[in-house]
Amino acid sequence: MAREYTPHEIDRKWQEQWAADRLYEAKDDDRRPKFYALTMFPYTSGDLHIGHWYAMAPSDVYARFKRMRGYNVLHPMGFDAFGLPAENAAISRGIHPCVWTMRNIENMRRQLKSIGAVYDWSREVITCLPEYYRWTQWFFLKLHQAGLAYRVKAPVNWCSRCQTVLANEQVVGDGLCERCDTPVTKKELEQWFFRITRYAEELLNYSGVEWPERIKAMQKNWVGRSEGAEISFRLEHEGGGQQEMKVFTTRPDTVFGVTFFLLAPEHPLVESLTASEHKAEVEEYVDWCRRQSEYERVASGRQKTGVFLGSYAVNPLSGERVPVWIADYVLPTYGTGAIMGVPAHDERDLEFARKFHLPVRVVIASADWSGEEPLEAYAGPGTMVNSGQFTGLSSEQGFEAVCDLLEDKALGKRMVTYHLRDWLISRQRYWGTPIPVVHCHRCGIVAVPEKDLPVLLPDDAEFRPTGESPLEHCQSFVNTACPVCGGSARRETDTMDSFVCSSWYFLRYTSPDTMNAPFDTAKMKSWLPVDSYTGGAEHAVMHLLYARFFTKALRDVGLLEFDEPFTRLYNQGTIIYQSDKMSKSRGNVVAPDKYVAELGADAVRGYLMFIGPWELGGEWSDRGIVGISRWLNRVWSLVTTDYAVRGVDPAAEKELLHLLHKTIKKVTADLEDFRFNTMLASLMECTNHLSKVKERGIVADSLWSDVVTSFLLLMAPAAPHLAEELWTRTGHPYSIHNQRWPEHDEELASDEEITLAIQVNGKLRDKVVVPASISEHEAKELALGSERVKAHIDGKRIDKVIYVPKRVVNIVVTQTPSAS
RNA sequence: GGGGGAGUGUCGGAACUGGCAGACGAGCAUGACUUAGGAUCAUGUGCCGCAAGGCGUGGGGGUUCGAGUCCCCCCUUCCCCA
């Protein structure tokens, strides 16, 4: 007699068995086609919540499906282990970051195993271990040699109270220090950068990858390509020095509308362009600007501020002389740090002109322009007016004509700019990969030789709540000898942004034990690129863009031969709980452990897939999960209780076979497209039908067990533990997860009989069950003969009859004017 | 302000290239078995109407024999960028 379904026992039993048998370890040498299925590895925050399961479970179902479809699947897992929270834990709780991190990994690994995924744990990668980060350092050296890593002064977030640099994520609210609420300002410091801008154009090319439009749009937005022109303005000022200044504009066709010229307050030319009588005012304003955050400065709707410098710029095309001002909304980091002010055609320029009573001149007429000074800036296309020889041209023609003239007279040129800035990788933190360079008094910046890698993080650093990197104060680390001259030198104390670590981890999975290189080239070549990469959309512009850049850079260094790391990308949605995004900081995390213990891993996996389309996310509900749990229970008793034939009905047998093949077809197609919710719905429909068949005992014994066998195979990816247990109990050889996926028979899957809808003027009036092979003529005759239809067409003129094969007959009638 | 999604029963959601709206599940109702149950099984469940029938996919227009699906305008909401 069948026992009760006890998921917690079954889960543990099979997880142990699979691990003991190394069932899921990927073989490097295998004849089957490879498939690299990757899920973004988690940050080691400490606990795996339902949101993580939502990322992991469906992608595991997909990897399992691919295995059964005959692929040699690589499905690894690891940990993104460097980062600030570990350091904060050290400061607030006195635990060493390394201890905190490794303890979290222990717990998370245990939780990850409870999902029952096909992870190949023998390939686990942890980014904070020296055997990993020595290669992160090695890549840094390669990029440095290639001129892709450089050090330069750059404005960074600075807290004047803590006397320290803050990462962007430590700037909270409207630009406040997360620790002491002091407004964060910018300060110029030497920082390390990766030259991602060199790849700006290539990063906009997505040919050969299958990525969601949404992510591509976000990245394109981020890279921010704009076409325009660089134009030189001659400067008139009392001092000597520079006599011209370049600006970039996307609208060279508006150049006749320039009525003022703006510089960023930090611009190096400000001093020499300031007339003596304006000096005091300018200095005061520049000082004030330094205390503003970038966020405040560019915020729309903000009252415009600025100061006249007392000098002038001359428009190269109109010859007009316009005043030079400085304004905080012009940022030194964009373009040349200067702009031409065209108030009639730029919203912010218009606000500025209004505030300081500067002239507004319309040079592009919109279709409905009255000739008056406009109330709003018009940024659209139109006809050029007030523009000298260009008057009358369309703005598009004007764009080209102005550029041609500028180029002829060497006053400017066509130019493409990008919003993308180089990737600032320096962090003034302890818990990260040390940047492998030393500063020598004599030789300057010297790269650590490859043979001296890794530069180890010292573990005796002291953690003080100053916000400064403990490495600064760690003498044993800082003091070293110059690798070139042997003289005394200081180590770089900056560590790398942890996004550097995650830019190449997918390469390491292919050969995590390789000691003399970041990866074994042959193995890497056989697995890469990643076929399916899944994870949260929040990584659209950081991780995913950096990983693409890294891949291209390593290709150019000669280490890789492909252009894109992730062929197919898919982003699952967000799980919310109590109408809020689930997160530790909001305190609304749902721990899976309780549900796993009560209802089993398969129920939790199943419920997460059943909520809705994976892409859209959804709300976790304690109530909803019982539906899946009940279904698993029904499957259990359906398979474990005896089947008894009462009387075979050939029609029922045919129908059962038909349903099975339809289900195989549907489940296969849904899995291929990540439509997990509808896959489960069709498995449930199949279950419902099986229950009825079983109750009546109307199919032969052998057919029943064949159908159950196929059904279990279809369930195996979604409910791996239950499927394995039932597979064994129905007398099949272990393991179900090494079986071939069932194939559907197109003939059996297709409908023999269909329901034809009969409409009159588009309204449903009758339905008839007919053979699928029905001819158009027969269908129309049938429709016209229907009793229900007659009532709606009698006495009316039939204009036409539309027949859509296998779907609908629509009879179009008009009321004949009756002689009533 | 720019870019990208999403609006369908009481709820989560189905619906291939335009062709029977509401699959599957939850909830609810009634019944059965149970002393009891957050268990199991059966039946019902978009709205109005006794019925015939009518109305229904955020709102308003349009294209079409036919629109949840296509086009235009508007509203609400979520995400990203500013």
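Order of the sequence lines fixes the chain letters, A, B, ..., with proteins taken first and strands second; residue numbering starts at 1 for each chain. Values in this document were obtained by computation on a predicted structure and should not be read as measured data. When reading the values below, keep in mind they use all heavy atoms of this one structure, side chains included, and skip hydrogens, waters and symmetry mates.
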- With respect to the side chain of A:Trp222, which nucleotide from B:A14, B:G25, B:A82 is positioned closest?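 Between B:A14, B:G25, B:A82, the one nearest the side chain of A:Trp222 would be B:A82.
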- Message: Given B:C80, B:G25, B:C20, identify the nucleotide with an atom nearest to the side chain of A:Asn688.
- Response: B:G25
Please list, for nucleotides 4-11 of chain B, all pairs of protein and nucleotide N/O atoms separated by less than 3.5 Å.
none

- Message: Can you check the distance between B:G56 and B:U43, where both ends of the measurement are the P atom (answer in whole Å)?
- Response: 32 Å
- Between A:Ile628 and A:Lys767, which is nearer to the 5' end of RNA chain B once each is assigned its nearest nucleotide?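 Nearest-nucleotide comparison on RNA chain B picks A:Lys767.
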- Query: On RNA chain B, nearest-nucleotide positions of A:Gly627 versus A:Thr755: which is more 5'?
  - Reply: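 Upstream on the strand: A:Thr755.
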- salt bridge (charged side-chain N to carboxylate O under 4.0 Å, His left out) with A:Lys216: which residues, sequence neighbours excluded?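 Once residues adjacent in sequence are excluded, the partners of A:Lys216 under the salt bridge (charged side-chain N to carboxylate O under 4.0 Å, His left out) criterion are A:Glu213.
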- Item | Phosphate OP1/OP2 of B:A82 contacted by A:Asn221 side-chain N/O (<4.0 Å) |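 No, because none of the side-chain N or O atoms of A:Asn221 sits under 4.0 Å from OP1 or OP2 of B:A82.
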Between the protein and nucleotides 63-66 of chain B, list the N/O to N/O atom pairs that are separated by less than 3.5 angstrom.
unit_1: B:C65; atom_1: O2'; unit_2: A:Asn810; atom_2: ND2; d: 3.4
unit_1: B:C65; atom_1: O2; unit_2: A:Asn810; atom_2: ND2; d: 2.5

- Task: Answer with base, sugar-phosphate or nothing: what part of the nucleic acid does A:Asn677 contact at a heavy-atom distance below 4.0 Å?
- Result: sugar-phosphate
- Message: What is the distance, to the nearest angstrom, from the NE2 atom on A:His539 to the P atom on B:C79?
- Response: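 The distance from NE2 of A:His539 to P of B:C79 comes to 17 Å, rounded to the nearest Å.
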- Task: Please report, rounded to the nearest Å, how far the P atom of B:C79 is from the CD1 atom of A:Ile576.
- Result: 10 Å
Close N or O pairs between protein and nucleotides 51-58 of chain B (under 3.5 Å):
unit_1: B:G54; atom_1: OP1; unit_2: A:Arg765; atom_2: NH2; d: 3.3
unit_1: B:G54; atom_1: OP2; unit_2: A:Arg765; atom_2: NH1; d: 3.2
unit_1: B:C55; atom_1: OP2; unit_2: A:Lys763; atom_2: NZ; d: 3.4

- Of the residues in residues 655-666 of chain A, which ones touch RNA chain B at a heavy-atom distance under 4.0 Å?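 Residues of residues 655-666 of chain A that come under 4.0 Å of RNA chain B do not exist, since none gets that close.
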- Task: Please work out which residues in residues 680-687 of chain A have a non-hydrogen atom less than 4.0 Å from an atom of RNA chain B and list them by number.
- Result: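 Close to the strand are A:Ala681, A:Met684, A:Glu685.
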Listed pairs, N/O of protein and of nucleotides 36-44 of chain B, under 3.5 Å:
unit_1: B:A39; atom_1: OP1; unit_2: A:Arg630; atom_2: NH2; d: 3.3

- Item | Under the side chain to side chain donor-acceptor pair (under 3.5 Å) test, residues paired with A:Asp346 that sit two or more places apart |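 So A:Asp346 forms no side chain to side chain donor-acceptor pair (under 3.5 Å) with any residue.
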- Could you tell me which residues satisfy side chain to side chain donor-acceptor pair (under 3.5 Å) with A:His419, sequence neighbours excluded, listed by chain and number? A:Tyr334
- Quick one: is the NZ or CZ of A:Arg548 closer than 6.0 Å to the six-membered ring centre of A:Trp211, and within 45° of its axis? yes
- Message: The criterion is side-chain contact (heavy atoms from CB on, under 4.5 Å); which residues satisfy it with A:Leu616, sequence neighbours excluded?
- Response: A:Pro613
- With sequence neighbours excluded, tell me which residues meet side-chain contact (heavy atoms from CB on, under 4.5 Å) with A:Glu201.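 Partners of A:Glu201 by the side-chain contact (heavy atoms from CB on, under 4.5 Å) criterion, ordered by chain and then number, come out as A:Leu204, A:Arg225, A:Tyr418.
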Could you give the side-chain donor-acceptor pairs of residues 755-762 of chain A under 3.5 Å, partners two or more places apart or in another chain?
unit_1: A:Asn761; atom_1: OD1; unit_2: A:Val813; atom_2: N; d: 2.9
unit_1: A:Asn761; atom_1: ND2; unit_2: A:Val813; atom_2: O; d: 3.3

- Task: List the steps and the verdict of salt bridge (Lys or Arg N to Asp or Glu O under 4.0 Å) for A:Glu725 and A:Arg729.
- Result: CA-CA 6 Å; A:Glu725 177 70 21; A:Arg729 280 172 181 259; 2.7 Å; yes
